[in-house]
Amino acid sequence: MTGNLSDAARVLMERRLAGLSAPIREAPAPRPERPPLAPAQRRLWFIHQLTQGGLAYNVPTAYRLRGPLDTEALERAVHLVVRRHEVLRTCYPADEEGEPFQRVLDADADARGRTPVARHDLGSAPDPVAAALRLAGEEADHRFRLDTEGPLRVWLARLGPDDHVLGIVVHHIAFDRESLAILAGELSAAYRAGTGAGAPELPPLEAQYADFALWQNGLAGTAEYERELGFWREALDRVAPVLELPADHERPKEPTYRAGEAAILVDAETADRLRALSAERGASLFMTCLAAFQGLLSRYTGVTGLAVGCPVNGRMKVAYEGLIGFFANSLPIGVRLDDDPAFGTMVDRAREALLSAHAHQNVPFDRIVRELSPVRDLSRNPLVQVWFDLDAGATGTAADLLDLPGVSAEYFAEGRVRTRFDAETHLGERADGTVAGRLLYARDLFEAATAEAFCEHYTNFLAAVAADPELRLSRVPIFSARQRSTLLDDWSVGTG
């Protein structure tokens, strides 16, 4: 899979995975009157049409703000950020042939481009917090009209003196995880400037999202692009197009995207052993934890050729680094485990697969899907049904929290969680040395107990291979002593 990856490219990808390399610096190309959508945006646009404005791609965030909040300064900050980032005031109509394009709404001349902050006074409600939770849920369920309105909604609820909730809902067509940190940072800087602390210290933007979309569309058909496409054909040639986890319920034809959550916690001792193992194999902790995740999926399904979706930032040029937008790309990381390898070998394979995938990330996920032509089924995500992410920078501080002078900020969750996958794992390294996170699972398919058992099996798998990396996949124990005892007791009762 990695025979055509040069030593120089390998070093570059290793540095990029470690966050050390800088993206390419290049001036944006001239923009046409009707800029095209980026390939990933185009897929979301068509899904939006097919599902009649479904809610799977709404990205809601809310903050509880306690302290003397200057609401006028906050509203001015919102307007400044929206004016600064065209993508937050872009709609996506279709041309005469039904092809979508980007239309940027004027932040000053067009009322639709101004994104007003909707105000709500909930101070007289019997339970202001409960009322705010209901409001957050209603806003999270807003059905965007992508052809006529911008992809951003902002609301501010007053719960009482010096107590507010700020809510933000963005459609994924204009937003990704990195965008949230950019948005929070710029809102904070603009708010501080608006309350008398001087002009916001925001660098000028060298490009806008439409420039990125134009650049990415221009890659298609080039010799380099075709070479990268050939890599993906080979890398995923023997990978099962569908990974079917044992489910509690039959898959519905139209998923609700409702998600449940189950906690994952890897103790500090195990995590330290995994870090040491990673260093010995020349791998990152991400690669080692991914290898264990792949192994557990294989044990669950009996599939020895499988793909797991992993994220990549997608901001490949310096001009795109500070932009809000849908840059994130999904990399289908394939692996073959039919030879029952030792776990150390599995780490090596995960490392090689990730490095190679990052070296060929110019091909958008949507183009890979079209190339491999799996059976298209709106009831499941194409090509990868399971997602894995480990953020090595998540050490207990939240980069996407607001930082407003004199005001404390914390997340305000309304409890409505969605997933577009059958299951997705999000982990982060904590300051205390542990690795913690959550499994989001499709409630259409799985009961809570099933998801919790999967999380326990994953931590058992990690503990076992951390203690003995030479264990072959088939020999890795995934049941704890308690689970084995329960199974034996159930078996005894059933056969007595």
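Quick note: residue numbers are just sequence positions, from 1.
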message: Just checking R119: does its CZ atom have more than 12 heavy atoms from other residues, nucleotides or ligands closer to it than 6.0 angstrom?
response: yes
message: Distance alone, cut at 3.5 Å: any donor-acceptor contact between the side chains of H142 and E149?
response: yes
- prompt: Is a salt bridge present between R315 and E178, judged by a nitrogen-to-oxygen distance below 4.0 Å?
  reply: no
message: Before you tell me yes or no, could you show the steps for L265 and T459 under side chain to side chain contact (heavy atoms under 4.5 Å, CB included), namely the whole-Å CA-CA distance, both residues' side-chain angles and the distance that decides it to 0.1 Å?
response: CA-CA 7 Å; L265 178 61; T459 55; 5.9 Å; no
- prompt: Mind checking whether F388 and F286 have parallel, tilted or perpendicular rings, split at 30° and 60°?
  reply: perpendicular
message: Quick one: does any side-chain atom of N58 pair with a main-chain N or O of A140 as donor and acceptor, under 3.5 Å?
response: yes
Heavy-atom side-chain proximity of H120 to W155 below 4.5 angstrom: yes
Pair R42 + E99, salt bridge at N-O below 4.0 Å: yes
task: Check whether any side-chain heavy atom of N362 sits under 4.5 Å from a side-chain heavy atom of M316, and report yes or no.
output: yes
query: Heavy atoms, side chains only, cut-off 4.5 Å: are L156 and V165 in contact?
result: no
Polar side-chain atom of Q41 near backbone of I173 as donor-acceptor pair, under 3.5 Å: yes
task: Check the side chains of Q102 and Y209 for a donor-acceptor pair under 3.5 angstrom, ignoring hydrogens and angles.
output: no
task: Assess the pair F212 and Y320: is the distance between their ring centroids shorter than 6.0 Å?
output: yes
query: Are the side chain of T51 and the backbone of I47 linked by a donor-acceptor contact shorter than 3.5 Å?
result: yes
field: Option from V169, L88, V78, V170 for which side-chain contact (heavy atoms from CB on, under 4.5 Å) with V154 holds
entry: V78
task: Check whether any side-chain heavy atom of I264 sits under 4.5 Å from a side-chain heavy atom of V435, and report yes or no.
output: no
- prompt: Using 4.0 Å as the upper bound for N to carboxylate O, is an ion pair formed by R438 and E261?
  reply: yes
- prompt: Where do L159 and H164 land on the side chain to side chain contact (heavy atoms under 4.5 Å, CB included) test, with the steps shown first?
  reply: CA-CA 5 Å; L159 308 189; H164 294 79; over 6 Å; no
field: Separation of L229 CG from L219 CG (nearest 0.5 Å)
entry: 12.0 Å
query: How many angstroms lie between atom CZ of F175 and atom CZ of F327, to the nearest 0.5 angstrom?
result: 12.0 Å
- prompt: Would you say N217's side chain and A213's backbone share a donor-acceptor pair under 3.5 angstrom?
  reply: yes
query: Just by distance, do the side chain of R380 and the backbone of Q385 share a donor-acceptor pair under 3.5 Å?
result: no
message: Per the salt bridge (charged side-chain N to carboxylate O under 4.0 Å, His left out) rule, what does the pair list look like for residues 356-366, sequence neighbours excluded?
response: R43-D366
task: Would you check if C455 and L439 make a side-chain contact, meaning some heavy-atom pair closer than 4.5 Å?
output: yes
task: Check whether any side-chain N or O of D211 sits under 3.5 Å from a backbone N or O of Q208 as a donor-acceptor pair, and report yes or no.
output: yes
task: Kindly check if the number of other-residue, nucleotide or ligand heavy atoms within 6.0 Å of CZ (R233) is above 12?
output: yes
message: Does this structure show an ion pair linking E371 with R367, if we count only N-O contacts that are shorter than 4.0 Å?
response: yes
query: Is there a donor-acceptor pair under 3.5 Å between the side chain of Q361 and the backbone N or O of H358?
result: yes
statement: Rounded to the nearest 0.5 Å, the CG atom of L290 sits from the CE atom of M346 at a distance of 9.0 Å
Close aromatic pair by centroid cut-off 6.0 Å: Y458 and F293: yes
message: Using a strict threshold of under 4.0 Å (side-chain N to carboxylate O), is an ion pair present between R177 and D389?
response: yes
- prompt: Do E254 and S379 have side-chain heavy atoms sitting under 4.5 Å apart?
  reply: no
message: Rounded to the nearest 0.5 Å, what separates atom CG in L65 from atom CG in L74?
response: 7.0 Å
message: Working to the nearest 0.5 angstrom, can you tell me the gap between W45 CH2 and L37 CG?
response: 8.5 Å
- request: Could you please spell out the steps behind the side chain to side chain contact (heavy atoms under 4.5 Å, CB included) verdict for T425 and L440?
  value: CA-CA 6 Å; T425 299; L440 297 183; over 6 Å; no
Short side-chain to backbone donor-acceptor contact, S188 and L404, under 3.5 Å: no
query: Backbone N or O of A56 within a donor-acceptor pair of the R420 side chain at under 3.5 Å?
result: yes
- prompt: How far does CD of E75 sit from CG of L80, to the nearest 0.5 angstrom?
  reply: 13.0 Å
- prompt: In terms of side-chain geometry, is the basic nitrogen of R251 or D422 positioned less than 4.0 Å from the acidic oxygen of its partner?
  reply: yes
message: I'd like to know whether H360 forms a side chain to side chain contact (heavy atoms under 4.5 Å, CB included) with L331, so could you lay out the CA-CA distance, the side-chain angles of the two residues, the decisive distance to 0.1 Å, and finally the verdict.
response: CA-CA 9 Å; H360 299 86; L331 300 179; over 6 Å; no
query: Under 6.0 Å between the ring centres of F454 and Y300?
result: yes
- prompt: Is the shortest distance from a Lys or Arg side-chain nitrogen in E424 or R418 to a carboxylate oxygen in the other one below 4.0 Å?
  reply: no
- request: Run the numbers on R103 and D147 for salt bridge (charged side-chain N to carboxylate O under 4.0 Å, His left out), then give the verdict.
  value: CA-CA 9 Å; R103 174 181 289 161; D147 57 338; over 6 Å; no
- request: Only counting residues at least two apart or in another chain, list the ones meeting ring-ring contact (aromatic ring centres under 6.0 Å, His included) with H48.
  value: H171
- prompt: Are any non-hydrogen side-chain atoms of L297 and L243 less than 4.5 angstrom apart?
  reply: yes
- prompt: Where the side chain of S298 meets the backbone of Q294, is there a donor-acceptor pair that is under 3.5 Å apart?
  reply: no
